[in-house]
Structure formats: structure tokens, C-alpha cells
K.L.:
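Next up is a structure, given as C-alpha cells.
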Amino acid sequence: MDIKIETRNLNLYYGAFHALKDVTIQIKPQSITAIIGPSGCGKSTLLRCFNRMNELIGGVRIEGDILLDGKDIHRQGINLTRLRQRVGMVFQRPNPFPLSVADNVSYGLRVHGVRNGISVPEVVEHSLRATFLWDEVKDKLDSPALALSPEQQQRLCISRVIAIEPEVLLMDEPCSALDPIATGHIEDLMRDLAERYTIVIVTHNMQQASRVSSDSAFMLLGELIEFGPTLHIFENPSDKRTEDYVSGHYG
Amino acid sequence: MKQDRFIAFILLMLALSALSGLVLITVFIFKEGLPLILQTGFRDFFLSSDWDPKGEHFGILSMIVGSLAVTVGAMAIGAVFGLGMAIVLTQFCPPGLVSILKPLIELLAGIPSVVYGFMGVVTIVPLIRNHLGGPGLSVLAASIVLGIMVLPTVTSISVDALKAVPRAYWEGSVALGATKWQTTHMLMLKAARSGILAAIILGMGRALGETMAVIMVAGNALEIPGSPLDPVRTLTSNIALEMGYATGRHREALFATGVTLFVFIMIFNTTALAISRRSAGKGGGR
């Protein structure tokens, strides 16, 4: 079986706080993996390990291995810019830049340098079409992105990542700032994107996890309690703590 | 309740009296200066550089040019260094170092301007005279001294503007693979653009209004400068240098110089205010 991202005995400390404890997980390509668990269980921290965003905070120490396509992402001489191009991230609150719609989408292209033979407007259109935003914004590519609705902003943020052709999409509670209808639209989009990308989503919302993901990981207090097919996690969990959580006894 | 109202009344009176100081100053200098401008005529006052108080010629063009030259020079230096410092402090510096560096830069604002002037006279002026030529007392010397003097203003307001940019923007950019420098110039400077512009304009206001340090290093010659190495007299210097012995129309002409200065400063400050207001309205929310 193919594995896109893998961690082996991953431990992470914020100063003295042990935030991730011996996490070992294998994430399949072209599928949606959900990480669920109560607040503070380390699920966002785990997600942020995959594109090395945790090290932007001082005092973080990481032990163990994280492999992308079998290669350690902490190895000497790894190109961090290239890693973050391959592993894109969508945040909890839509964070379009205070630039125009088109400049938001082309931002990553400009960061990585526009290669010869690539037409920026084409990439912008293609990326906006991929999130079904094109028809809504094609006449306002030059207007400020901050004027869009929250759902459109989140779609724009996804387009912005897609524009740099990532392999993995990390989504940190991408719908928590959106209403249920917008959430439904983003979930449809995720299913669509999963045909091309490996998606890892952190969510508080268990219905969301069961609706969109094929695999689910349940975390508690920094430990990975259980990991397996979503159906199994929700219908027939092996661990008592998972059962308590998914049946609503905690959090 | 009654006591509260009484205290509120007292405080209001105090606030109003401070404000009335502003109003009185404005009215006074306009009342003293404006008639002379009208009598002399706009052309002969603003567009002539013939300043000869004894012969009743009051043309201030050379001083306007002097003030503007020195201000522009000061900002060329102050904006580059001030903005550079703000970028280092907000983007590239560990927080521990920031808490040492920022107060130090702000301390620059506390040094009396005569000390800046003195340092300029003993260090910068001889350097210019010996290496670049001319009398040393010059537009360039004044620009360098003023450029250092406006650093605290430009730096601290730019730092505030850059810090006000939501961290989510920064994270979003870094997560797309941007380096710190790319994030800074492609995103942070754009997001903080209006605050930075306001910082530069407020710095210009400070440079234009500075007097003592400029008198000491600018040379105070009544000529339109032909090069940065020529001496100049600014509007502020002119008032300070001549007020002590001026009488009659000469005195009025100095007030008229003050009116001119006042209008320039007002334009700078209102522009800065308008820019920061506009950005507060637009960039607000998230």
C-alpha cells in the first residue's frame, strides 16, 4: 500500500510541555484523512509538523521522523520553500492577503518564481476554477480579496495553495468560521480535490470527519489513540476512549 | 455624583485651555503675519529670494527652497534607515533583542536638538568640508543631522504599522513557501503601506520644523542652493536668527515666514492623518 506521509515515534515539546507523544501514523495518497479529538489534544500541532510550521514558534523541539514520500523532511539540506510548495496549508480562519483576488492566487507563483512558458493569468483561472470560484470572481479579479464573503475567501485561500501545484493539502479546521451551507460547499470541494491531492484535515466536527474522510485519527492529550478507516473509527472503535469521544461523552 | 460632575468640569476646562493655546497661537501669527504677505503681494513674498529687511524687501523663496531641500534630504536618509530598522525589528529580530533596541531608538528622541547640532558641527561638517569640499555647513550636513533626528519618529510609527498587520497574513505567506524577506516585501510592506507613509510624512513635519540643529549646521546663507554642498537658510532658522532684533515690518515679515511654515506643517500633518484614517477604515476587520 502507498504511503504519502508517515511519522515514526514523533514527539514534540513546547518548552517543557510534551505536546505530541510517540505519534506513528501513515497517511494514504489521494484520500482524505481526518484528525479528530478535543481541543488541545495536539491535532493542529501534528498537522503543522507536516509542513514544518511549528518551528516558527520559539522553544519547539521535535524528536522522531516525519517522512514525505519516504524521505525525512528534517534531513540536512532540505529546501524548506520546496517542502512548503509540496505541502500546502489552509488555515482555520480564511486569511486572504490584503491584495487583489488575482494577486492572492498568483502570490505563490511569484514566491517560487514564474517559470518560462507559464502564463500567470491561466494559472489564476485554472486555480479559481478548481475551487469553483471562477464564475463568481472572474469580473472582480482586480478588486480586493478582503471584500469577498467568508466562504469565497476560504475558497480563494484554497485556490492560492492549488496554484503552486502542491501534492498535499493540510486543512486546519477550514470550515470553523463558516456557516453550515458554506461548510457543505467546502466539503464537496474537498471530495473533488481528493482525486488529485492528499488531504489531511483537522476538525472539531465529527459529522464532518465522518462525511468527508476515508481514514480517521483520534487524538487525546498528545497521543494518537486510534487510527483506521473512518467507518471503523465511528461505528466500531477498538479503544474505549475513542468510543466515548465519538459517541459524545467528552469535549 | 456631584463630585464627578465637578471634576469632569475642571478637566474639561483644562483641556479647553490647552486647546485655546493652539487657537490663540494660530490667530496671533496669522494676524501678525498675513497683512504683510498681502501688502507685499504673493509674488514678491513667495517667489522672490530678495530678503533685505532694511530695504523692505521680503522675499522668502530661498528659505522655502532651503527648508524643502533639507527636509527632502533628511527624509531620504531618515526614511531608508527608519524603515530599515522597523523591518529588522519586526521581521528579523528575536523578541529579546527588540525589547532592547526599540527603547534605544526611542531614546534618540530625548536628546536635545542642540546636542545634535553640536555633534553635527564637530563631526559631520568637517567630514564634508574635508572630503567633499565646500564650506561643510550645508544642505547635506543638515540633511544628515535631521535624518538621524527623525529616525525615532519614522521607526516607531513604522514598527506600529508593521506590527498591526495580522499574523495570519504572515503565516499564510510562509506556509506558501515564501522566505521572510519575500513575505516582508511582497506582503507586509504592502499591508502596512499607509501606516508607513504616515510615518514618513510625520517625520517630514518634524524635519521641517526643527530649528536649533539646523541653524548650527546649515550655514544660513540667503541663497538658493545649487548643490547639496551649498549652505542654506531654512524658514525656521530665519525666524530664530532675526527675531531678536527685528522691529516693525521686519518683525511682521518674520511672522509671515511663520505663517508659511505653519501652513506647510498643517498640510503634512493632515495628509498623514488622512492616510492613517483611510487605512483604518479600509484595513479594519480582518
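Chain letters run A, B, ... following the sequence lines, proteins first, then strands; residues in each count from 1. The model shown is predicted, which means the values in this text are computed figures rather than measured ones.
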K.L.:
Would you say that B:L176 contacts A:F97 through its side chain, given a criterion of any heavy-atom pair below 4.5 Å between the two side chains?
P.N.:
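Answer yes - side chains close enough.
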K.L.:
Show the nearest heavy-atom pair for residues A:M53 and B:E171, with the distance to one decimal.
P.N.:
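Closest heavy-atom pair between A:M53 and B:E171: CE-O, 3.5 Å.
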K.L.:
What do the steps show when you test B:Q182 against A:H112 for side chain to side chain contact (heavy atoms under 4.5 Å, CB included), and what is the final call?
P.N.:
CA-CA 10 Å; B:Q182 286 176 325; A:H112 296 282; over 6 Å; no
K.L.:
Just wondering, more than 12 heavy atoms not from B:F118 lying within 6.0 Å of its CZ?
P.N.:
no
K.L.:
Pick whichever of A:L80, A:L99, A:L56 has the most heavy-atom pairs under 4.5 Å with chain B.
P.N.:
A:L56
K.L.:
What part of A:R86 lies closer than 4.5 angstrom to a heavy atom of chain B: side chain, backbone, both or neither?
P.N.:
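Contact with chain B: none, neither part.
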K.L.:
Would a 4.5 Å heavy-atom cut-off, applied to side chains only, mark A:P98 and B:L187 as touching?
P.N.:
yes
K.L.:
Would one find more than 12 heavy atoms of other residues, nucleotides or ligands at under 6.0 Å from atom CZ of B:F46?
P.N.:
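Buried by this count: over 12 neighbours within 6.0 Å.
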K.L.:
Hey, is the main chain of B:Y169 close enough, under 3.5 Å, to the side chain of A:N95 for a donor-acceptor pair?
P.N.:
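Side chain of A:N95 to backbone of B:Y169: no pair is present.
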K.L.:
Determine the minimum heavy-atom distance between A:R160 and B:G172, stating which atoms define it.
P.N.:
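Shortest heavy-atom contact: NH2-CA, 4.3 Å.
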K.L.:
So which heavy atom on A:M89 is nearest to which on B:A175, and how close?
P.N.:
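Closest pair (atom of A:M89, atom of B:A175, distance): CB-CB, 4.2 Å.
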K.L.:
Less than 4.5 Å to any heavy atom of chain A: does that hold for the side chain of B:W181, its backbone, both, or neither?
P.N.:
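Nothing of B:W181, per the 4.5 Å heavy-atom cut-off to chain A.
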K.L.:
Between chain B and each of A:R110, A:Q92, A:R84, count heavy-atom pairs under 4.5 Å; write down the option with the most.
P.N.:
A:R84
K.L.:
Using non-hydrogen atoms and a 4.5 Å limit, figure out which bit of A:F91 sits close to chain B: side chain, backbone, both or neither.
P.N.:
side chain
K.L.:
Counting only heavy atoms from other residues, nucleotides and ligands, does the tally under 6.0 Å from CD1 of A:I181 exceed 12?
P.N.:
no
K.L.:
Would you give the length of the straight line joining atom NZ of B:K190 to atom CG of A:D103, rounded to the nearest 0.5 angstrom?
P.N.:
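One gets 6.5 Å once the value is rounded to the nearest 0.5 Å.
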